[in-house]
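Only one structure is covered here, and it is reproduced in the block below.
Residue numbers begin at 1 in each chain, while the letters A, B, ... track the order of the sequences.
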2 protein chains.
Amino acid sequence: MSKEELKKVSDTKTTKLFKKGETIFEENEKLNGVFCVRNGVSKLSKLSPNGKDQIVKLASKGAVLGQRSVIVEEISNLSAVALNDMEACFIPKNAIVNTLNANPNFAVEVLRHMAHDLKEADDVIVNMSQKTVKQRVAEAFIYLKNNFGEDKNGYLALTLSREDIANVVGTASESVIRIISEFKKKGLIKTFGKKVAIVDPQSLNNLAEAI
Amino acid sequence: MSKEELKKVSDTKTTKLFKKGETIFEENEKLNGVFCVRNGVSKLSKLSPNGKDQIVKLASKGAVLGQRSVIVEEISNLSAVALNDMEACFIPKNAIVNTLNANPNFAVEVLRHMAHDLKEADDVIVNMSQKTVKQRVAEAFIYLKNNFGEDKNGYLALTLSREDIANVVGTASESVIRIISEFKKKGLIKTFGKKVAIVDPQSLNNLAEAI
DNA sequence: TAGAAAACATGACAACCGTCAGGTTTTAAA
DNA sequence: TTTAAAACCTGACGGTTGTCATGTTTTCTA
């Protein structure tokens, strides 16, 4: 969603706080507005019939949660949970709808944003179906580095539990744990508690992209 | 894309014909317009680094090909190939852009459509990552029935090669072949040449959805 | 701070699935 | 119609990955 356009609306709104682990909204919930992330990171996930959670997207500062469902006026197809303490402002549905109608450029802005999301989703589909679990874990680390950066010591700024990594990658947490220890042995990454640091980005990337 | 809105534009355009197997556009191609499917079915696929093609979507009558790329003004992230003889009309980029700006409702219509695609993509991600190949093949047959129907003899109206099914499901063609013969033995489906008919929809559905 | 709960870790094992290799059948083209 | 190519099919085999079981460490809370 357009930062400029949305800023006008969101600046008038108060900020809500969500603690780590708190649910922002659930799957199949009727949303009467969207949440604009000011701070922190949220996981957007969907429950599979087999009872496992699949994380579809990680949303951080600037991202808008629930816009898809609000626009098509459907119940949410995803649930949103805070991965760390979050600040987000709530924008009621009618504010969105009004702006969409009043400002023609706004719709196009939102459209562009959703088109981008759609492309990313296509990429995820290809990765999920064509790559091995090991490749996907490697890619997840690269993604985390590119999108959330590293702390002063070179560790990934966003720390996910093994379980969450498994839910991003679509595998079992045991597999993630095993792959992490394999990557450590090979000198591709290092860890400190739950934190992960990429040691050899080149090799990790080769592994993720290669045949 | 809105049928009403688009109809105004598309009716003024002549129809292009594509033979079975013919390429409509390729990945990384710069598109200067979109294709509106009048007849026939196209596969939209993306090449994975491992050299395999992943079919992301099947587009039939009423679908618009290339709109995502045209809207964000990027080169195409997918390639489009005709699965059978097709009729499609070409709508140049500027016609789209003009209509987007001129008609505020049009943008919202397109937005809704893209929001729908995005939800479907999310579902595909979950299926790909959480279901077994067997479940995905079962689901593919159900999908083909629901979206393209059956012929007078009860066979799926859209006949895909084993290879194409494999590319939809994200597996090897051998696996698809093996699973098809297993489904036949179990009385879930029957085949006639390349054609497939669903014999026991209930059991097939259970298999696709179950734990 | 102690105890409980959650997260992390590792081994064993079987099922799943991709690959290779060899066939047969179907399709398309000469 | 003959021939070549493509598609289909099956078996064998090994690597990958999910599951279960069990133990350790970390985190949370009373």
Taken in chain and number order and not counting sequence neighbours, the residues that satisfy side chain to side chain donor-acceptor pair (under 3.5 Å) with A:S76 are none
Nearest to the B:E174 side chain among C:dC20, C:dC17, C:dT10, which nucleotide is it? C:dC20
Proximal nucleotide (of C:dT19, C:dC17, C:dC8) relative to the B:V133 side chain: C:dC17
Distance-only criterion, 3.5 Å: show the donor-acceptor pairs between side-chain atoms of residues 184-197 of chain A and protein atoms not counting sequence neighbours.
{"residue": "A:K184", "atom": "NZ", "partner": "A:T191", "partner atom": "OG1", "Å": "3.0"}
{"residue": "A:K186", "atom": "NZ", "partner": "A:E182", "partner atom": "OE2", "Å": "2.8"}

Filter on salt bridge (charged side-chain N to carboxylate O under 4.0 Å, His left out), then keep only pairs touching residues 158-174 of chain B, sequence neighbours left out; what's left? B:K43-B:D164
Paired runs of 3 or more consecutive Watson-Crick or G-U pairs involving DNA chain C, with both pairing distances under 3.5 Å, are C:1-30 with D:1-30
With a 4.0 Å cut-off on heavy atoms, is B:E163 in touch with a base, just the backbone sugar-phosphate, or nothing at all? sugar-phosphate
For the side chain to side chain donor-acceptor pair (under 3.5 Å) test, which of A:Q54, A:K52, A:K46 pairs with B:Q130? A:Q54
Between C:dT25 (P) and B:F192 (CZ): distance, integer Å: 16 Å
Quick check on contacts: within residues 176-189 of chain A, what sits under 4.0 Å from DNA chain D by heavy-atom distance? A:R178
When we call it a touch if two heavy atoms are under 4.0 Å apart, what does B:S173 touch: a base, just sugar-phosphate, or nothing? nothing
Below 4.0 Å from chain A heavy atoms, what is the first contacting nucleotide of DNA chain D and what is the last? D:dT17 to D:dC20
Once side-chain contact (heavy atoms from CB on, under 4.5 Å) is applied, do any residues pair with B:N146, and if so which ones, sequence neighbours excluded? B:I142
Does B:E139 have any salt bridge (Lys or Arg N to Asp or Glu O under 4.0 Å) partners at least two apart in sequence or in another chain, and if so, which? B:K131
Can you list the residues that meet the side-chain contact (heavy atoms from CB on, under 4.5 Å) rule with B:E87, with sequence neighbours excluded? B:T15, B:L17, B:R38, B:N39
Just distance, no hydrogens or angles: give the donor-acceptor pairs under 3.5 Å from side chains in residues 18-33 of chain A, sequence neighbours left out.
{"residue": "A:E22", "atom": "OE1", "partner": "A:K19", "partner atom": "N", "Å": "2.7"}
{"residue": "A:E27", "atom": "OE1", "partner": "A:L47", "partner atom": "N", "Å": "2.9"}
{"residue": "A:E29", "atom": "OE1", "partner": "A:E26", "partner atom": "N", "Å": "2.8"}

Spell out, as yes or no, whether a donor-acceptor pair under 3.5 Å connects the side chain of A:D151 to the backbone of A:N153. yes
Could you list the residues that satisfy salt bridge (Lys or Arg N to Asp or Glu O under 4.0 Å) with A:K119, not counting sequence neighbours? B:E74
Looking at residues at least two apart in the chain, or sitting in another chain, which of them share a side-chain contact (heavy atoms from CB on, under 4.5 Å) with A:A115? B:R68, B:V72, B:M114
Ranking B:K194 and A:S175 by the position along DNA chain D of their nearest nucleotide, the one closer to 5' is B:K194
